[in-house]
Amino acid sequence: MSSHRFAVNVTPKPGILDPQGRAVEGSLGHLGIEGVSAVRVGRRVELTVEALDEAAARAVVERLAADLLANPLIEAYAIESIAGASSTVGPGDGA
Amino acid sequence: MSSHRFAVNVTPKPGILDPQGRAVEGSLGHLGIEGVSAVRVGRRVELTVEALDEAAARAVVERLAADLLANPLIEAYAIESIAGASSTVGPGDGA
Amino acid sequence: MTLAERSAEALHRRLGVTDAELEAIRDRLGGRDPNELELAMFSVMWSEHCSYKSSKPLLRTLPTAGADVVAGPGENAGVVSIGGGLAVAFKIESHNHPSAVEPYQGAATGVGGILRDIFTMGARPIAILDALRFGDPADARTRHLVDGVVRGVGGYGNCVGVPTVGGELVFDPSYQGNPLVNVMAIGLMEERRLTLATAGRPGDLVVLFGSTTGRDGIGGASVLASATFTHDDPSKRPSVQVGDPFAEKLLIEASLELIERELVEGLQDLGAGGITCATSETADRAGTGILLDLDAIPRREPDMEPFEVMISESQERMCAAVRSEHWDAVREVCERWGLPVAIIGVVTADGDIAITSAGREIARVPARALTSEAIVHDRLASPPVHRRAAPAPGAAPEPVDRLPERGMDPGAVLMGLLGSANLASRRVVFEQYDSTVGADTVVGPGHGAAVLRIKGTRKALVATTDGNQAVSAMDPYLGAAMSVAEATRNVSITGARPLGVTNCLNYGDPTRPEAFWQLQEGVRGLGDACLALGLPVTGGNVSLYNEAPGGAIAPTPEIGVVGLLDDIGRLVGPAFVSTGDTVVLIGEGTPGLYGSAYAALAGVAAEDDPPALDLVREAAIQAFIREAIERGLVASAQDVSGGGLAVALAEGAIWSGLGAHVRVAIADSPAVGLFGESPSRLVLTAMPRHVPALVLLARQHGLPADELGAVGGERLVIELAGAGATGAAEARGSRIADALDVPVADLAHAWEHGLPRALGWEEPA
Amino acid sequence: MPVRVGVVVFPGSNCDRDTVHALATAGAEPVVLWHETASLDGVAAVVLPGGFAFGDYLRAGVIARFSPVMRAVTAFATDGGLVLGICNGFQVLAEAGLVPGALLRNRGLRFLGRGVHIATERLDTPFTHAIAAAGRPLRMPIAHGEGCYFGDDAALDALEADRGVLFRYVDAAGARASEDDRAANPNGSRRAIAGVINAAGNVAGLMPHPERAAEGILGSDDGAGIIRSLVDSAARAAAGTGPTVVSSPVPVAAAGAR
Ligand SMILES: Nc1ncnc2c1ncn2[C@@H]1O[C@H](COP(=O)(O)OP(=O)(O)O)[C@@H](O)[C@H]1O
Ligand SMILES: [Mg+2]
């Protein structure tokens with residue numbers, strides 16, 4: 001058995017209304033920020049999976065994403081494998 | 001000017017309670033899924049920035065993330081540069 | 001001094017314990033030094049927040065006796081019997097400082113905390129009221145705070161399924177750096193289910209259930225609430241507590257089931273001071289001790305220090321005393337509701353809170369030393385040199401003289417008042433709350449006191465919160481008495497009998513003699529008003545150190561009242577009812593515009609005072625209106641409060657869509673007559689055939705009653721008559737006394753749109 | 001003997017007691033069904049009540065959908081059993097695919113608790129046949145943060161073709177609300193859809209709360225017609241007296257445009 005950390009990024013499908021994305025775009029003015037467009041707001045779920053190997057672990061995540069984390073009617077998802085640490089980045093460390 | 005697409009991943013800081021993550025973990029039994037732990041649920045914001053260069057664009061995202069997208073008291077964020085296409089991945093394409 | 005002492009000195013100061021307090025701790029411990037863990041426990045338990053060390057001597061003076069009182073101050077919430085084997089539990093509490101740091105979570109966890117106080121008593125929470133106070137609504141920071149706090153109250157209350165049925169929203173410059181978030185909760189219970197926060201008897205198990213214990217809120221509320229908050233002091237920055245309303249909902253159901261099935265001897269929620277507070281208070285009440293096994297406490301995080309576990313303020317946790325034979329059943333209930341549960345200790349006879357870890361004793365402190373024998377300070381009190389210690393809300397800098405001499409059109413003033421941030425409709429706020437879950441809400445937020453029916457009976461509960469910071473700023477005694485008068489009046493005008501008073505005292509730094517004097521006067525006013533109205537104070541909460549770099553807040557005595565209506569069929573509301581009804585004014589005003597909404601709009605004259613309050617008259621007017629409603633003489637009833645007589649009339653019109661034509665005798669100044677907020681006055685409407693009886697009843701209660709006019713039409717017309725009006729007119733070289741004449745639709749429009757405009761929010765749909 | 005109607009209780013359900021009260025008032029015998037039971041205990045109909053099942057974390061209704069009781073509910077629905085989802089219950093049904101569509105966050109991104117008017121598009125269903133005064137708008141509260149009904153145009157056209165729209169947001173006069181009429185259609189639902197029914201006609205969901213408007217004392221009893229329809233249909237189903245559906249459907253126009 002080995003342990004693997006993944007992130008599942010869930011975003012609204014193209015064409016689906018994304019009021020949150022529009023709200024972010026709407027507030028850019030107040031911040032005096034320009035040149036930002038096509039904002040989409042989704043969900044990011046990070047999780048650790050115990051499995052025989054990476055492939056088996058990914059299969060589990062795949063099922064979780066398809067059944068629970070994303071609603072196929074309105075959302076698309078992408079799975080990425082991440083280092084255990086990536087979820088502990090503090091403000092500023094981002095850049 | 002050039003156009004750059006980024007994703008900002010906002011996750012609850014370590015030590016900060018994550019009720020959503022707990023709820024997801026608690027529900028895995030019903031899905032018959034095992035071996036999943038340390039679930040953290042956050043937000044993912046994808047956006048396109050017009051700027052002189054990648055560095056300038058990233059600086060804009062940095063400000064946006066710190067001032068608007070994340071709440072520094074309880075959330076950490078990380079910025080990644082992504083391909084324009086990544087937000088349009090459909091179910092299944094993930095794996 | 002020894003090394004140990006020196007390190008103790010260093011640590012105790014870091015924990016906010018003064019040298020004098022350390023001395024006192026030493027002698028509670030028979031002369032020895034507390035170890036680090038013990039010192040941490042004392043530091044939270046002896047904080048203002050947990051120990052009430054400044055306010056205790058004052059609170060002792062409040063009247064608490066009442067025939068129907070089942071549980072009074074000292075318990076988690078007051079409980080009053082309402083007959084038929086039922087009782088109501090209610091309490092108001094502040095979460096000011098956490099909300100200033102993180103408005104959403106601060107407000108949300110504030111709701112969670114007060115709800116736990118209610119169901120800990122064995123009552124099912126049935127209503128929330130939120131009393132909110134902020135600085136300038138045009139300021140960006142204020143807008144951020146309002147948005148976050150409102151979302152937080154809704155985010156938590158909506159999810160747990162308790163309707164938010166009322167509250168307050170007040171803007172005053174003095175709250176700029178220090179907003180107030182006071183939340184009241186009400187619960188309904190079978191009287192025989194009353195559960196007290198005691199540790200039971202020696203041998204009972206101490207059981208912790210609910211969320212696991214993490215590092216959040218370490219030194220949170222306790223430290224925060226005990227030191228003046230400044231934005232740029234990171235050491236005072238709490239590790240923010242995040243609320244989980246879903247966990248709270250499970251906690252409510254599990255706790256009520258445990259009580260229903262009589263599986264617990266005593267129950268205590270974990271709030272400020274965490275496990276330390278819950279165990280020491282329950283043990284002290286029961287006259288027992290508790291032996292805690294630190295390692296048995298379920299953790300959320302690895303390698304937590306013992307002191308972190310003991311003072312953590314992780315939310316959604318409960319502590320119960322359980323007979324060992326009930327343990328299996330208790331565990332089954334908690335696990336069915338998906339709540340972690342563990343035996344963390346046992347009740348002992350020695351009166352000590354003793355803590356073991358890895359089989360070793362790491363702390364032992366007498367329970368009462370942490371609670372009932374905590375240090376009490378008698379603070380210095382002295383009245384401020386300047387009579388106006390704090391500014392009246394938004395008072396214009398240079399005094400202007402009175403309307404209409406200054407050529408102000410009374411109609412324009414009325415429109416201005418109705419559209420002002422403090423008087424306009426709160427709809428854009430309370431529509432973010434679920435006010436109807438529970439299917440008991442007869443009258444929700446928006447039109448005076450809230451009304452909840454009690455299923456299976458003819459009875460209903462009536463609830464409101466009110467606080468008068470504006471008058472308190474100049475006269476804290478009068479301001480507190482007026483707050484009690486208004487809150488109880490708002491309940492009485494529905495026909496309900498007030499059952500008791502809960503209060504949240506929001507004041508400044510008690511080590512400042514002027515601030516402590518304000519608190520002292522506030523408590524005196526609260527007590528005198530309750531005595532005069534024959535009402536017990538059943539509970540409350542004190543929040544001190546409400547000071548920001550900008551200065552102290554205006555003293556804010558927030559009053560919560562619950563009343564009982566025996567027959568819901570008799571309920572009377574503030575909106576006009578039918579064309580042709582007679583408009584009657586009960587009571588008479590006194591001069592004085594200080595602290596009024598009119599003063600905030602138009603500026604106060606230098607010589608202005610607040611209006612007077614006659615508590616005997618107030619008691620008479622409330623007895624009168626209850627009897628009048630009981631006898632079916634009243635169609636609608638509204639009290640004269642913010643904005644004065646003109647606004648009271650306008651509200652009756654706006655809320656019914658019916659106009660009115662009245663004639664008001666102006667004794668002194670039209671401004672005072674129309675917009676003065678002198679208390680103890682009611683605007684009633686009644687069917688003409690009931691008017692004689694109504695007027696006679698008023699006389700019998702020693703109250704003046706004037707027929708002002710009639711309900712009808714689509715306009716509000718107020719003619720000014722009498723010396724004051726004609727005099728004012730003549731002064732203007734006019735023979736016609738002023739009249740106010742505005743379409744009801746215009747009044748409604750101003751009232752509906754005022755708040756979203758003030759906050760820069762999108763217009764309400 | 002009163003008909004037994006099940007009320008599912010998920011952790012976080014908070015309208016279950018209100019629904020039990022409304023069903024009892026309408027003459028049914030409510031039966032509480034805990035989310036972990038896999039049997040429906042022989043009830044004649046099932047209500048999924050409002051609330052925040054599992055905190056509505058992730059997406060409203062998605063976690064609840066995997067509860068054991070939902071397997072039983074799905075089987076029950078597949079053999080024609082009557083299932084009504086109210087608010088959060090509607091969200092659970094949608095997540096479970098038992099009714100078409102998805103419920104997104106309100107367009108204003110704020111929770112909304114207020115009274116709305118809805119028009120009944122069909123009176124020939126087990127959930128609406130006992131509603132009095134055809135076409136008169138019904139007044140009842142909404143209280144939700146994720147009630148914006150969504151489907152793409154193709155899906156919505158198909159839904160309308162199946163006569164799957166059961167309730168629509170209208171103004172006080174009964175005129176159908178547009179998608180951006182914040183007053184009448186507060187959550188911005190597409191085509192003002194407030195409630196839908198599946199093609200088989202035995203599973204329905206709506207965002208407004210009929211159980212909170214089923215007694216005059218609460219300001220409106222317009223919701224009682226929906227509750228009564230369900231209880232009556234359940235009774236017929238239990239008695240095996242055939243079609244719970246009265247014929248002569250009201251033309252869609254009658255309810256909406258007036
Ligand atoms: N923050 C709030 N939350 C919910 N309801 C509120 C809030 N603020 C005010 N309200 C409601 O708006 C109405 C006006 O408030 P207030 O002026 O204090 O009423 P009153 O003058 O009757 O005391 C009341 O029904 C009150 O319950
Ligand atoms: Mg008032």
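So you know, we letter chains A, B, ... as the sequences are listed, proteins then strands, and number each from 1. Worth knowing before you read on, the calculation uses all heavy atoms, side chains too, and leaves out hydrogens, waters and symmetry mates. Worth saying up front: this structure is predicted, and the values here are computed from it rather than measured.
- Between A:Glu75 and A:Thr11, the closest side-chain pair of non-hydrogen atoms is not below 4.5 Å.
- With a threshold of 4.5 angstrom between heavy atoms, A:Ala51 does not approach chain B through any atom at all.
- Annotation for A:Glu34: atom CD does not count as buried by contact number, only 12 or fewer foreign heavy atoms lying within 6.0 Å.
- Although no hydrogens or angles enter the test, the distance criterion places no donor-acceptor pair under 3.5 Å between the side chain of A:Arg63 and the main chain of A:Leu68.
- The candidate from B:Val41, B:Leu28, B:Val10 with the greatest count of non-hydrogen atom pairs under 4.5 Å with chain A is B:Val41.
- The candidate from A:Val8, A:Asn9, A:Val61 with the greatest count of non-hydrogen atom pairs under 4.5 Å with chain B is A:Asn9.
- Looking at A:Glu80, only its side chain comes within 4.5 Å of chain B, counting heavy atoms on both sides.
- Taking the charged nitrogens against the carboxylate oxygens, A:Glu62 and A:Arg58 have no contact shorter than 4.0 Å, which rules out a salt bridge.
- Looking at B:Ser3, neither its backbone nor its side chain comes within 4.5 Å of chain A, counting heavy atoms on both sides.
- For chain B, the nearby parts of A:Ser37 are the backbone and the side chain; heavy atoms of each come within less than 4.5 Å.
- Among A:Leu69, A:Val36, A:Asp67, A:Val24, the residue making the largest number of heavy-atom pairs under 4.5 Å with chain B is A:Val36.
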Start with the C-alpha gap between B:Glu46 and A:Val39, add the side-chain angles, then the distance that decides, and say whether side-chain contact (heavy atoms from CB on, under 4.5 Å) holds.
CA-CA 6 Å; B:Glu46 299 182 348; A:Val39 180; over 6 Å; no
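- Looking at B:Ala70, there are no atoms closer than 4.5 Å to chain A (heavy atoms on both sides), in backbone or side chain.
- Across all their heavy atoms, B:Lys13 and B:Leu73 have their closest contact at NZ-O, 3.9 Å.
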